[in-house]
Amino acid sequence: MSGGDKLDFEIRPNPQPVTAAERAALMVDPGFGRVFTDHMVTARYADGKGWYEARVEARAPIPMDPASAVLHYAQEIFEGLKAYRNADGTVTMFRPEANAARFTTSATRLAMPHLPEGAFVDSLRRLISVDREWIPNDEEGSLYLRPFMFASEVFLGVRPAMEYLYVVIASPVGSYFKHGVKPVNVWVSPNYTRAAPGGTGAAKFGGNYAASLLPQQEAAANGCDQVVFLDAVEQRWIDELGGMNIFFVYDDGTLVTPPLGTILPGITREAIMRLANDDGRAVIERPVAFDEWHADADRGRIREAFACGTAAVITPIGEVRFEGGSFKMGDGTSGDVTMGIRKRLVDIQRGRSADPYGWVHKV
Ligand code: PMP
């Protein structure tokens, strides 16, 4: 255990890493979240003791007692961010301190202990350092980092656990859009909502995603890639997508996005707001009713809409389907404003243009 904002991570190199040839084969077409690196970070927490046994060690199964609290009451939070290998060989992360801060707010909502934010960022740097060879070399690939924390205490009472495990695993991922950026269809769920006021919508909490699977299946059955959730009170206002925030582009160039509250405060969302605003574009956070979206699309006031998040950065929305109808965004192809903002952000993330914001963090 150590005090302050850092933990002393003990490095225990994997004695049996995969060979370079095996790794190369695994990384040809890694897809998303199927291939994992040789190491993981683990750190334990116990009430009264604090954080201890912080390590970087061989990635391996985690022994679990059947009465571990997380298996029963789902006390678990996570994060997701990427490390990139830039053209000049440097390795960078995008805004890891923002993920650290969100991990803290998620922990608060789930009555979990706080991992010092410096230790969170440090754990990512250490894992990337030992597994550097796993970062894809190509323009579009990246190393997806998945920090998470769960209640490991062996106890069936319903109360915050007194013991936790923090883990980071890493997965090389290919391009989200193999054949260029392609607009997605979205399904407006008539039956399910994601988050109620006072609920857990703003936390990156595993249970939110468990609850989104059935509506996501409904979206797929309706030929859509993603589900759009409406608010839980009036089922009238657009909240967000299953795993992305949403923006509307009005005909005067204004960007509009739903306000924070029940939605996940996306780091991509915030970066887009800041960039667009600094580029002289009006950016407004306000509630948007589904009926307004539909009517403004029909009369040409909203010609583009896009989803945003770490996985695909910015994804144009092509068609919106709902019970009883559908409408298109413009002609259903990727809009110019959307693609312009996408390029602006990706160029900063990939080190191809200057970063006046200090978002890009060298490893
Ligand atoms: N909303 C939800 C529900 C998400 O899961 C994500 C992905 N983390 C986002 C929005 C986008 O967040 P970020 O830009 O931080 O990836």
Side-chain angles (χ1 to χ4, degrees), residues 32-33 76-84 93-107 109-110 117 120-121 124 142-149 168 171 173 176 184 186-189 192-196 199-216 219 225-232 237-248 255 257-276 283 285 305-315 317 338 341-342 344-346 348-349 357 359-361:
F32 178 84
E76 188 265 358
I77 58 170
F78 67 99
E79 270 302 327
L81 72 161
K82 287 174 170 176
Y84 306 96
M93 288 187 274
F94 187 68
R95 307 188 68 188
E97 65 297 324
N99 294 90
R102 191 168 66 188
F103 201 62
T104 299
T105 53
S106 295
R109 180 61 185 84
L110 273 296
E117 291 176 19
F120 178 98
V121 175
L124 304 177
S142 56
L143 186 67
Y144 182 79
L145 302 162
R146 168 52 63 87
F148 59 105
M149 171 166 51
V168 191
S171 171
V173 297
Y176 198 85
V184 294
V186 296
W187 169 252
V188 182
S189 177
Y192 305 103
T193 59
R194 179 182 174 277
T200 54
K204 210 156 167 58
F205 156 54
N208 290 342
Y209 297 83
S212 76
L213 301 177
L214 184 59
Q216 181 64 40
D225 311 271
Q226 274 278 328
V227 57
V228 176
F229 287 109
L230 301 180
D231 76 289
W237 309 98
I238 310 284
D239 265 358
E240 63 178 322
L241 276 58
M244 290 184 258
N245 295 117
I246 190 166
F247 279 85
F248 304 94
L255 283 190
T257 193
L260 298 182
T262 56
I263 64 173
L264 192 81
I267 292 160
T268 318
R269 172 189 179 276
E270 209 232 337
I272 291 167
M273 288 176 54
R274 181 100 182 259
L275 268 183
V283 182
E285 283 177 282
F306 61 84
C308 66
T310 296
V313 193
I314 287 180
T315 310
I317 294 174
T338 299
I341 295 171
R342 185 175 205 281
R344 185 91 168 76
L345 180 54
V346 172
I348 294 178
Q349 288 178 333
Y357 304 102
W359 286 341
V360 175
H361 190 110

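Basis for what follows: all heavy atoms, side chains included, without hydrogens, waters or symmetry-related copies. As the structure is a computational prediction, the values presented were derived from the model and not from experiment. Order of appearance sets the numbers: ligands from 1, and atoms from 1 within every ligand.
Counting only heavy atoms from C-beta outward, the side chains of Pro258 and Ile246 approach each other to under 4.5 Å.
Protein heavy atom at the shortest distance from atom 1 (N) of ligand 1 is Glu240 OE1, 2.6 Å. With respect to atom 5 (O) of ligand 1, the closest heavy atom belonging to the protein is Tyr209 OH, 2.5 Å. Looking only at protein heavy atoms, the nearest one to atom 8 (N) of ligand 1 is Lys204 NZ, 2.8 Å. At the top of the distance list for atom 9 (C) of ligand 1, counting protein heavy atoms only, stands Gly243 O, 3.5 Å. Scanning the protein heavy atoms around atom 16 (O) of ligand 1, the nearest turns out to be Thr310 OG1, 2.6 Å. Of all protein heavy atoms, the one closest to atom 14 (O) of ligand 1 is Thr268 OG1, 2.5 Å.
The aromatic rings of Phe306 and Phe247 sit parallel, their planes meeting at an angle under 30°, below the 60° perpendicular limit.
In this structure, Asn245 contributes its side chain and Leu264 its backbone to a donor-acceptor pair below 3.5 Å.
Remark: ligand 1 atoms within the under-4.0 Å shell around heavy atoms of Gly266 are 12 (O), 13 (P), 14 (O), 15 (O). Ligand-side atoms of ligand 1 in range of Arg194: 3 (C), range being under 4.0 angstrom from any heavy atom.
Pro265 meets the side-chain contact (heavy atoms from CB on, under 4.5 Å) test with Arg102, Ala202, Leu260; sequence neighbours excluded.
Using a 4.0 Å cut-off between charged side-chain N and carboxylate O, Arg269 and Glu240 make no salt bridge.
Considering backbone and side-chain N/O atoms, Ile267 comes within less than 3.5 Å of an N/O atom of ligand 1.
Glu270 does not count as a contact of ligand 1, since none of its heavy atoms falls under 4.0 Å from the ligand. Note on ligand 1: Ala98 sits outside its first shell, no heavy atom being nearer than 4.0 Å.
Just one residue in the list Lys204, Glu117, Glu79 forms a side chain to side chain donor-acceptor pair (under 3.5 Å) with Asn99, and that residue is Glu79. Just one residue in the list Val186, Thr315, Val313, Val228 forms a side-chain contact (heavy atoms from CB on, under 4.5 Å) with Met244, and that residue is Thr315.
Atom CG of Leu81 is separated from atom CG of Leu145 by 5.0 Å, given to the nearest 0.5 angstrom.
Residue contacts with ligand 1, taken as heavy atom pairs separated by less than 4.0 Å, involve Met244 solely via the backbone atoms N, CA, C and O.
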